[in-house]
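Letters A, B, ... are given to chains in the order of the sequence lines, protein chains preceding strands, and every chain is numbered from 1. Worth saying up front: this structure is predicted, and the values here are computed from it rather than measured.
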Number of protein chains: 2
Amino acid sequence: MSKFATTSRRGVLRAGLAAGALLPAASLSARAQGGPDPLITQVQDWARYTGAGVDETPYGLPIRFESGVIRRNVPWLTADPISSINFTPIHALDGTITPAGCAFERHHSGAIELAKPDYRLMINGLVDSPLVFTYADLERFPRHSGVYFCECAANSGMEWAGAQLNGSQFTHGMIHNMEYVGVPLKTLLAEAGIRPEGKWLYVEGADASSNGRSIPLEKALDDCMVAFKANGEALRMEHGYPARLVVPGWEGNLWIKWLRRIEVTSGPVESREETSKYTDTLDNGISRKWTWVMDAKSVITAPSPQVPVRHGKGPLVITGLAWSGRGAITRVDVSTDGGRNWRTARLAAPGQRMAVTRFWLDYHWDGEEMLLQSRAMDETGYVQPTKDALRQIRGENSVYHNNGIQTWWVRKDGSAENVEIS
Amino acid sequence: MSKFATTSRRGVLRAGLAAGALLPAASLSARAQGGPDPLITQVQDWARYTGAGVDETPYGLPIRFESGVIRRNVPWLTADPISSINFTPIHALDGTITPAGCAFERHHSGAIELAKPDYRLMINGLVDSPLVFTYADLERFPRHSGVYFCECAANSGMEWAGAQLNGSQFTHGMIHNMEYVGVPLKTLLAEAGIRPEGKWLYVEGADASSNGRSIPLEKALDDCMVAFKANGEALRMEHGYPARLVVPGWEGNLWIKWLRRIEVTSGPVESREETSKYTDTLDNGISRKWTWVMDAKSVITAPSPQVPVRHGKGPLVITGLAWSGRGAITRVDVSTDGGRNWRTARLAAPGQRMAVTRFWLDYHWDGEEMLLQSRAMDETGYVQPTKDALRQIRGENSVYHNNGIQTWWVRKDGSAENVEIS
């Protein structure tokens, strides 16, 4: 058994389950037989009385029955007395848009309240004209929109050490996908005029941590955006209101919230967030640095530990998310026997560059144990690797960029558990 | 002056304003000159202290500074002691996704609380096997997703009588655009098996009003869906939790909330909601009935009465929404002189069928009065008509399907008002 098999908190199963049959979803419905179902045959209370009025919720929240679909945190995960990261409840969602209210947040010194009149954005350094923009200024430039995923580089980080956290929300929930509107960064940089010796940017936020990062100019001029809308409305406080940087496909840490300053530099700054943090040390002692691009990745969100199969055998929808920082997802395969056999899942829509893709597999469950896995492929031909393959290359000391294949062990009773296959 | 000019609450202006110049957005920024701006040069409080923690909002709401971006109602608009419709704050949004929390709602007997375990969906009538589905059943069928606009047929209804309501939220806010996930209706109908004599559906909801409507089978088998997710999460209570009908491109009233029953029939039922309501009487006394498809329409959301131009002349982003129930929006033109001259606006993304399209015009405002208009075109070649052209055909007694061109009179001080041009 590998080291990881023995350290995993959960049991390790050898992949040896028979492949289940793939049949069309059939005969799900309760046919009208035997006694009538009063919930459909009897007039219910909600059909007798007037319900809630339109003025009761000028800005609404989900219905109380969905109160479990929330951000959750893992208190011991960060060094702070209170956690500084939470997780999107991806196990309970479908489609691709992440509602802002439960979209994960991560910060290094808390989420700040920064009003639009107080907001300023400076561009300085190797520019012809240093500039300071107000928020109102930003709204006057030509806009751009795009749907992009934002993934923390530490997403699935705990899972380097084995199958640790029991739920897709916790193993993979440092991700959200939203429609952003803002000003292309190149537009603002063109206002300032970049000097020929300018090759990098140093970007920082207005919060106490500032979260300064270096970004190569080529990326900045490509598809980066200073965004002020997400999913139609203003950014949430915890997502960087009133303006944040959007760096499509790249580490979430680069997406500076409460964006305050952009300095054009001749070289990288080598800030704390790109040396002490956001680097991974390999077995040979050399560290991977500036691992900007989020590699292709996928996860089955249901069934999963928080979403057991309650209906027994028969038609079962296996679903999940896939994404790649290198472009569009082209295909997702699903295995029910721990990676021995693969089926190609349905994509809800053609893959969009740097955005989350939803996949479904319409499966006929025979009620036997399953080892569920998904494997994503992107437009570059890259295939999501196994965790073991990653460890072979990266060693055992990584914190970030764990995009390995995730396995859920589904028992006969429908409950699911996070496991690793050796 | 036409009748409508005299009855309009606002002044009517003859289109006579000179066309403004279209220049690239330039020189917006406050160049670093004179005294330093302390908001960027001084360390602010929010940079000194720890902000809010991640566990403070398991499900978040917008920041308090955005408390004006809410659904609003017009108390006198409906006959009820309390209003039964509210309006999306489209004036304050950008992009295309409408946040569920401020997406308009309309109902005939209030929004009901219907828990998933209590939910039942019956399919009966001219079918081989009458069926009753639980909510859990629905989640086992193969899913589909799509981004669709939902517009109330009465959207802009008050404006038949002239320029009545002063704000795009009120003139055009009975619309939202969301990503839905659910089961194609044809899948569920195939389970029941449609008899050859079945040509229509009668659909109704579980609320007291039931809101029964007839839908031709061809549409039902095309792209209709029983949806249980909107923008990633469960439907909101007020949007029909846990399941509603989605009828892409067709009147919002058909999108039955708290969907309870689908009866396959040989002919239409001629329910109240398709005879007494949702019909329009022409001048000759004949009524238009079953005006299912929402015609191509657009509106400039900003500048508009609720969003005056505060920054004076120079670069100005004119933005709005366009949509069509017949397919994709292909083009939106914008006029600043009341329809004498038109410029083609930028579409944020290529038009998607039966979904909202965002457009922008990057304009250089000379500070003079403007009469802003937008005009949408869809893939069928249909062009959004003027209100006068509509009235000529429909007469003066319409309630529904006002998709006429909207005009905002923008004064030199940047304030805007709803007007009509004769």
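- For B:T187, no part lies near chain A; criterion is any non-hydrogen pair under 4.5 Å.
- The closest donor-acceptor contact from the side chain of B:R236 to the backbone of A:G60 lies under 3.5 Å.
- B:E105 touches chain A through backbone and side chain together, each having a heavy atom under 4.5 Å away.
- Of the two parts of B:H239, neither the backbone nor the side chain holds a non-hydrogen atom closer than 4.5 Å to a non-hydrogen atom of chain A.
- Taking each heavy atom of B:R140 and A:K313 in turn, the nearest pair found is NH2-O, 3.0 Å.
- One distance of note links NZ of B:K229 with CG of A:L93; it measures 7.0 Å at 0.5 Å rounding.
- With values rounded to the nearest 0.5 angstrom, B:L39 atom CG is found 10.0 Å from A:R260 atom CZ.
- When the candidates A:N177, A:L61, A:I112 are compared by the number of heavy-atom contacts under 4.5 Å with chain B, A:L61 comes out ahead.
- Distance CD/A:Q44 to OH/B:Y119: 13.5 Å, rounded to 0.5 Å.
- With chain A as partner, the option from B:M237, B:E113, B:R48 having the largest number of non-hydrogen pairs under 4.5 angstrom is B:E113.
- To the nearest 0.5 angstrom, B:N86 atom CG is 11.0 Å from A:E56 atom CD.
- Looking at B:A348, both its backbone and its side chain come within 4.5 Å of chain A, counting heavy atoms on both sides.
- Options A:V43, A:N124, A:T96, A:V69 differ in how many heavy-atom pairs under 4.5 Å they form with chain B, and the most are formed by A:T96.
- Highest contact tally toward chain B, considering only A:M178, A:K116, A:R310, is held by A:K116 [criterion: heavy-atom pairs under 4.5 Å].
- Between chain B and the options A:A100, A:A234, A:A190, A:S145, heavy-atom pairs under 4.5 Å are most frequent for A:S145.
- In this structure, OG1 in B:T50 is found 10.0 Å from CG in A:D207, a value given to the nearest 0.5 Å.
- In this structure a side-chain-to-backbone donor-acceptor pair under 3.5 Å is missing from A:E179 to B:G95.
- For chain A, the nearby parts of B:W46 are the backbone and the side chain; heavy atoms of each come within less than 4.5 Å.
- Interface residue A:T319: only side-chain heavy atoms are found under 4.5 Å from chain B.
- Looking at A:A92, only its backbone comes within 4.5 Å of chain B, counting heavy atoms on both sides.
- Atom SG of A:C102 sits about 6.0 Å away from atom CD of B:E233, to the nearest 0.5 Å.
- If you check the side chains of B:Y59 and A:E66, you find no donor sitting under 3.5 Å from an acceptor.
- Of the listed residues (B:L114, B:D45, B:T98), the greatest number of heavy-atom pairs within a distance under 4.5 Å of chain A belongs to B:L114.
- With a threshold of 4.5 angstrom between heavy atoms, A:E238 approaches chain B through side-chain atoms but not through N, CA, C or O.
- B:A206 touches chain A through backbone and side chain together, each having a heavy atom under 4.5 Å away.
- For chain B, the nearby parts of A:A115 are the backbone and the side chain; heavy atoms of each come within less than 4.5 Å.
- Only the backbone of B:Y49 comes within contact range of chain A, with at least one heavy atom under 4.5 Å from a heavy atom of that chain.
- There is no contact between B:R261 and chain A, counting heavy-atom distances below 4.5 Å.
- Between chain B and the residues A:R72, A:R64, A:H311, the most heavy-atom pairs under 4.5 angstrom are made by A:H311.
- In terms of modelled atom types and a separation under 3.5 Å, the side chain of B:R120 and the main chain of A:I40 share no donor-acceptor contact.
- Highest contact tally toward chain A, considering only B:N231, B:D94, B:L316, is held by B:D94 [criterion: heavy-atom pairs under 4.5 Å].
- A:P117 touches chain B through its backbone: at least one of N, CA, C or O sits under 4.5 Å from a heavy atom, while the side chain does not.
- Of the N and O atoms on the side chains of A:T57 and B:R71, at least one donor lies less than 3.5 Å from an acceptor on the other residue.
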